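Take a look at the structure set out below.
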2 protein chains.
Amino acid sequence: MQDDTPRGRAPRPRPAASRAAPRTAKARRTRDAILTAAIELLREQGYERATMRAIAERAGVSVGNAYYYFRSKEELVQAFYARTHVEHLAVALPRLATQRGLRDRLLATMSAKLETVEPYHPFAGVLFRSAADPASPLNPFSEESREVRDEAIAHFAEVVDGARGSLPKDLAREMPVLLWTWHMGVMLYWVHDDSPGRARTWTLMRETAELIASAVTVAKLPGMSPLRRKLVGVVRGMLSVDGHDAGGAS
Amino acid sequence: MQDDTPRGRAPRPRPAASRAAPRTAKARRTRDAILTAAIELLREQGYERATMRAIAERAGVSVGNAYYYFRSKEELVQAFYARTHVEHLAVALPRLATQRGLRDRLLATMSAKLETVEPYHPFAGVLFRSAADPASPLNPFSEESREVRDEAIAHFAEVVDGARGSLPKDLAREMPVLLWTWHMGVMLYWVHDDSPGRARTWTLMRETAELIASAVTVAKLPGMSPLRRKLVGVVRGMLSVDGHDAGGAS
DNA sequence: GCATAGAATTGAACACGTTCAGAAACCGAC
DNA sequence: GTCGGTTTCTGAACGTGTTCAATTCTATGC
């Protein structure tokens, strides 16, 4: 009865960047109108109801024109997604400044994330669906997501750096990626969580944050360095790709 | 130029079971013909080229008839998926019988999995895309996947049980789920891995298997029980849902 | 044998994301 | 101002997954 997700004949091969940059002021206004309409409709109606036709209509342009500025509906969604990332940072940073313990700093960041993202839970599933496709620009491991991903990892570097207490150097280097992975795992759980107020995810977040903090303490113990070295080796191997780094494989 | 993935107006609300069971022998033959055609086409042409029209044509029926027996294209894919699961067990079990160390038993199972699944890597992305949607029957946490999931977890229970050496009881209870999660993580990496022969995934598998085995040894150490208790608590909290168990949240 | 209820089957129709050939608007050069 | 090239924009058309009213088939009761 309802609608599904992407359809039509779609190109798997993704060319290069976003699209021809608007040359004139009017063109820029058109692009903005489309993006704004898309974001509004996504917020108001969710992914499936926000059809390309509806977006184009609200923006006062033709469907074809929307595709002139954005290569796909997914790209539109990505812009929307990037905006929530900015929101997250805005909430997380001040909160982070008040905490010095690792566990509390993890909670500061992650709770900001959960709060920011809560309004979109109803259609988070569809978003995740797109995000899981390795070919999708929304994929957290994709080249197109690199900027957002690197920023997020850098953010976790700050989380670690600002925390009191020291870390073994080898582990310290991999901590940001490790924490980013943790954060992705929590988000994966969140997507599937339909408990009221996402209570279960909040619990998971708290417990795992504590677990991580405890594990870090343990990791400093003298007998732990072989295990730690193994862990560090795995993380490094996961990321390095023929010289340059990346998330996921390849 | 190529095609995308699911399209058309699709129903998010999933009714109950598979579909009306075929009443007559002829009906059963029709159902089988559709399923066989679907599996063949998926193998030969991949997800996108295996359109419902093509499947129906090969089976010698109308599209509508395919939808009489299967609620969606995804359900057809799920049948295909279940078959690879059976293949996996067939390869893994004899191999498992020859190993007694935990690390080697993990490798036996997981390498069987990677081998079984390798032929489908070209369109694994699309499969994963569907699988990521919480509403999809393909989702590893979904009710529809419960059977396959429980079997897989039970399989990991066997992997642990058959290993020499003992485990702290609390940890032993959660090990199967933990290992199943590990296995899912490796598969996630695999989907994104385009290194030749999936070499990077094989490396990750070997290193993480070793890491797990080491961590288990460490977990037995006297000072470790608080950390272990926390871990066990997290895992239990993740799974229990208002009494009954489930993967994911909810 | 026949009628009939239910199962099985059909295929046109729908809404979707996406494409594309061409129309329109714009801009600099003369 | 008007020509020529480029950017911007249009909307019909395509192929998809899915639905559904209508049709055919089938087994069972008489």
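Everything numeric here is computed off the predicted structure, so don't read it as measured data. Atom set for the values below is all heavy atoms of this structure, side chains included, hydrogens, waters and symmetry mates excluded. Letters A, B, ... are given to chains in the order of the sequence lines, protein chains preceding strands, and every chain is numbered from 1.
Distance CZ (A:F70) to C1' (C:dT19): 18 Å, rounded to an integer number of Å. Atom P of nucleotide C:dG17 and atom CG of A:L42 are separated by 11 Å, given to the nearest angstrom. Rounded to an integer number of Å, the gap from OH of B:Y67 to P of D:dA21 is 17 Å. D:dT8 atom P lies 11 Å from atom CD1 of A:I34, rounded to whole Å. Put simply, CD on A:E48 is 11 Å from P on C:dC16, counting in whole angstrom units. Atom CD in A:E75 sits roughly 13 Å away from atom C1' in C:dT18 (whole-Å rounding). One can place CZ of A:R53 at 6 Å from C1' of C:dC16, the figure rounded to the nearest angstrom. Remark: C1' of D:dT10 and CD of A:E57 are 15 Å apart, rounded to the nearest angstrom.
In this structure, A:T116 OG1 and A:H85 NE2 are separated by 10.5 Å, a value rounded to the nearest 0.5 Å.
Side-chain atoms of A:Y68 and A:R31 form no donor-acceptor pair, as typed in the model, at a separation below 3.5 Å. With no hydrogens or angles considered, no side-chain donor-acceptor pair links B:H121 and B:D193 at under 3.5 Å. If you check the side chains of B:S111 and B:R95, you find a donor sitting under 3.5 Å from an acceptor. Between the side chains of A:Y189 and A:R200, at least one donor N or O sits under 3.5 Å from an acceptor N or O.
For B:D150, the salt bridge (charged side-chain N to carboxylate O under 4.0 Å, His left out) partners at least two apart in sequence or on another chain are B:R146.
Counting only heavy atoms from C-beta on, A:K73 has its side chain closest to C:dT18 among C:dT18, D:dT18, D:dT16. Nearest nucleotide to the B:S72 side chain, out of D:dT18, C:dT18, C:dC27: D:dT18.
A salt bridge links A:E44 to A:R58: one of the charged nitrogens lies within less than 4.0 Å of a carboxylate oxygen.
Judged by the 6.0 Å and 45° rule, B:K73 forms no cation-pi pair with B:Y67.
Using the six-membered ring where Trp is involved, A:F156 and A:H183 have ring planes that are tilted, between 30° and 60° apart.
Within residues 76-84 of chain A, no residue places a heavy atom under 4.0 Å from DNA chain D.
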Identify the pairs formed between an N or O of the protein and an N or O of nucleotides 9-12 of chain C at a distance under 3.5 Å, and give each distance.
| unit_1 | atom_1 | unit_2 | atom_2 | d |
| --- | --- | --- | --- | --- |
| C:dT9 | OP1 | B:K26 | NZ | 3.3 |
| C:dT9 | OP1 | B:T30 | OG1 | 3.0 |
| C:dT9 | OP2 | B:N65 | OD1 | 3.4 |
| C:dT9 | OP2 | B:N65 | ND2 | 3.4 |
| C:dT9 | OP2 | B:Y69 | OH | 2.7 |
| C:dT9 | O5' | B:N65 | ND2 | 3.2 |
| C:dT10 | OP2 | B:S62 | N | 2.8 |
| C:dT10 | OP2 | B:S62 | OG | 3.2 |
| C:dT10 | OP2 | B:N65 | ND2 | 3.4 |

